[in-house]
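Beneath this line is the structure, given in structure tokens, with notes to follow.
Each ligand, and each atom within it, is numbered from 1 in the order the structure gives. Because the structure is predicted, anything quoted here is derived from the model rather than measured.
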Amino acid sequence: MTKSGNNRVGFVSLGCPKALVDSERILTQLKIDGYDIVPSYEDAQIVVVNTCGFIDSAKQESLDAIGEAISENGRVIVTGCMGKGDDARAIMDLHPKVLSVTGPAAYEEVVSAVHQYVPHTPVHDPFADLVPPQGIKLTPRHYAYLKISEGCNHRCSFCIIPAMRGDLVSRPIGDVMDEAERLVQAGVRELLVISQDTSAYGIDTKFRTGFWNGRPMKTRMQDLCEALGELGVWVRLHYVYPYPHVDNVIPLMADGKILPYLDVPLQHGSPEILKLMKRPAAAEKSLERIRRWREICPDITLRSTFIVGFPGETERDFEQLLDFMQEAQLDRVGCFQYSPVKGAAANELPDPVPEALKQERWERFMALQQDISAARLQAKIGRTIEILIDSVDEQGAIGRSSADAPEIDGKVYLDGITDLNPGDLVEAEVTHADEYDLWAG
Ligand code: SF4
């Protein structure tokens, strides 16, 4: 049976562990961009062949694989060690129908070629998608996303992810750790752990024991965090729910094993609205968890997202949300105005909030949070912080601290400092702050 739907990519990966790292990075990026990786030529809309050019027999195997993909599918992108110099020319001579040829570690080019030939038709859920609708720019080489599971066991009423991607399926912990280790060996300095619910990791497997480098470990958030903490790079956790067992990973943050940063999507502060949203955590419990986390690790940065104007939200509910924000004193916050997502259960709820009121509440919410964020950043002036450099130009370097996830949080500007490279880790004193960003030198 042939699969229908959009964005289906086939992938043939040949060669050594280095080539495998390239394949994994390309696959992770394609999955983040909304492409499905399918196992057969007939289901795929395009096939990527990652080649190996190490010895003649490997080259022949690569050429054969390209030939097979051309005859079985017809639309083929070639990358990897055979994708440069004479080998690349040999590929084009033998297989002129190949759409694009790039060399090893050409993640960005391969992903761009896939986007070009199989234009992306995303089904976006603004409240629960792991990336913004415009997509993220391709991951620079010094940080990488580590996807630990697919799907979700919750049924939040505004969300269509479970209907689209099914229930939670956790990747075996050994596979996740192997991927993480290879990424670090390939030069990655920061791993961003993503899923729909990172705290639920392993529940579907009943925390099955897996193996990493021969060592038994459970498929569980804590074991994963402990092992990732041994890799010597920044480890940042996204999409963690405020469950009691999350308390167990906070000491790893206090000890500097993983970044003192938690991205906890809370969505609201009114118990009634959370009930209508069918959210997995209650507001008072969330505040209790936040207090507990700050007791264990006072330096923890907390990021969250919220929705204002959900159907049925009264002025009282909204004020409860503002009280919650005042109490929680979160460092980083994103806020959406509710809008229906096709297929979501919340579309059936009564009492929609008028657009003008949604806008007004959003502005009040943002004004309060800006003051909170600004005060929390001001308190950092005079402190020496670690900064991971993202880019450098003639004006200076721009990086991020442990408190800043790429794309969604703030930046740290090192004006006039030009002798650094992306991926460098430096220490500097914070000299200035605004509502979002820091300046250091
Ligand atoms: S936790 Fe809720 S919002 Fe997040 S993916 Fe699952 S159902 Fe959607």
Side-chain angles (χ1 to χ4, degrees), residues 28 31-36 122-133 135-136 145-171 192-205 220-221 224 236-246 249 262-283 285-286 289-290 302-313 317 321 324 330 332-349 405 407-408:
T28 304
K31 281 197 217 157
I32 288 169
D33 290 354
Y35 289 90
D36 280 339
V123 186
H124 183 68
D125 184 333
F127 310 125
D129 267 7
L130 302 175
V131 292
I136 43 174
Y145 292 90
L146 186 65
K147 194 159 193 180
I148 61 170
S149 60
E150 289 283 355
C152 181
N153 285 347
H154 302 299
R155 294 294 181 264
C156 302
S157 58
F158 53 78
C159 178
I160 53 168
I161 299 269
M164 271 166 50
R165 307 201 187 135
D167 283 340
L168 175 77
V169 179
S170 300
R171 293 178 61 198
L192 300 122
V193 176
I194 57 167
S195 67
Q196 299 298 339
D197 178 358
T198 295
S199 30
Y201 179 58
I203 287 177
D204 54 311
T205 71
R220 188 169 65 164
M221 181 171 76
L224 177 69
R236 192 183 294 283
L237 302 183
H238 288 281
Y239 308 97
V240 175
Y241 281 84
Y243 297 123
H245 73 270
V246 174
V249 304
L262 269 188
D263 178 6
V264 196
L266 294 166
Q267 311 299 18
H268 216 280
S270 148
E272 276 70 40
I273 298 298
L274 287 168
K275 222 177 286 158
L276 288 174
M277 289 177 165
K278 296 203 173 14
R279 290 296 290 171
K285 294 254 171 61
S286 300
R289 291 265 75 72
I290 289 171
L302 296 173
R303 143 169 274 278
S304 189
T305 48
F306 292 85
I307 299 171
V308 293
F310 192 76
E313 185 187 70
D317 292 318
L321 170 59
F324 179 93
L330 302 172
R332 304 285 191 188
V333 169
C335 182
F336 298 96
Q337 295 180 34
Y338 174 77
S339 63
V341 174
K342 198 160 168 260
N347 301 351
E348 311 304 320
L349 289 172
E407 309 288 331
I408 51 175

(Q) Under 4.0 Å, heavy-atom basis, I'd like to know which part of Tyr239 is in contact with ligand 1: side chain, backbone, both or neither. (A) neither

Q) Going from CD on Glu150 to CZ on Arg171, what distance comes out if it is rounded to the nearest 0.5 angstrom? A) 9.0 Å

Q.
Counting only heavy atoms closer than 4.0 Å, does ligand 1 sit against the backbone of Pro280, its side chain, both, or neither?
A. neither

(Q) Going by salt bridge (charged side-chain N to carboxylate O under 4.0 Å, His left out), name the pairs with one or both residues in residues 151-162, residues two or more places apart or in two chains. (A) Arg155-Asp167

Q: Check each atom of ligand 1 against the heavy atoms of Cys156 and keep those under 4.0 Å away; list them by number with element.
A: 1 (S), 2 (Fe), 3 (S), 7 (S)

Q: Would you mind running through ligand 1 and noting each atom that sits below 4.0 Å from a heavy atom of Phe158?
A: 3 (S)

**Q.** Proximal atoms of ligand 1 relative to Tyr241 (non-hydrogen, under 4.0 Å)
**A.** 1 (S), 4 (Fe)

**Q.** Any residue meeting side chain to side chain donor-acceptor pair (under 3.5 Å) with Ser170, in chain and number order, not counting sequence neighbours
**A.** Asp204

Q. Which of the numbered atoms in ligand 1 are below 4.0 angstrom from a heavy atom of Gln196?
A. 5 (S)

Q: Please could you name the atoms of ligand 1 that His154 approaches to less than 4.0 Å, counting only its heavy atoms?
A: 1 (S), 6 (Fe), 7 (S)

Q. Is Arg279 in contact with ligand 1, taking contact as a heavy-atom separation below 4.0 Å?
A. yes

Q: Go through the steps for Arg279 and Tyr241 under the test side-chain hydrogen bond (donor to acceptor under 3.5 Å, both in side chains), then give the verdict.
A: CA-CA 10 Å; Arg279 290 296 290 171; Tyr241 281 84; 3.2 Å; yes

Q | Test of ring centre spacing under 6.0 Å for Phe324 and His268 | A | no

Q: For atom 2 (Fe) of ligand 1, decide whether Cys152 has an N, O or S atom at a distance under 2.8 Å.
A: no

Q | Heavy-atom closest pair, residues Ile408 and Arg303 | A | O-NH2, 3.1 Å

**Q.** Ligand-residue contact atoms, ligand 1 with Pro162, heavy atoms, under 4.0 Å
**A.** 7 (S)

(Q) Can you tell me how far apart CZ (Arg220) and OG (Ser199) are? Round to the nearest 0.5 Å. (A) 14.0 Å

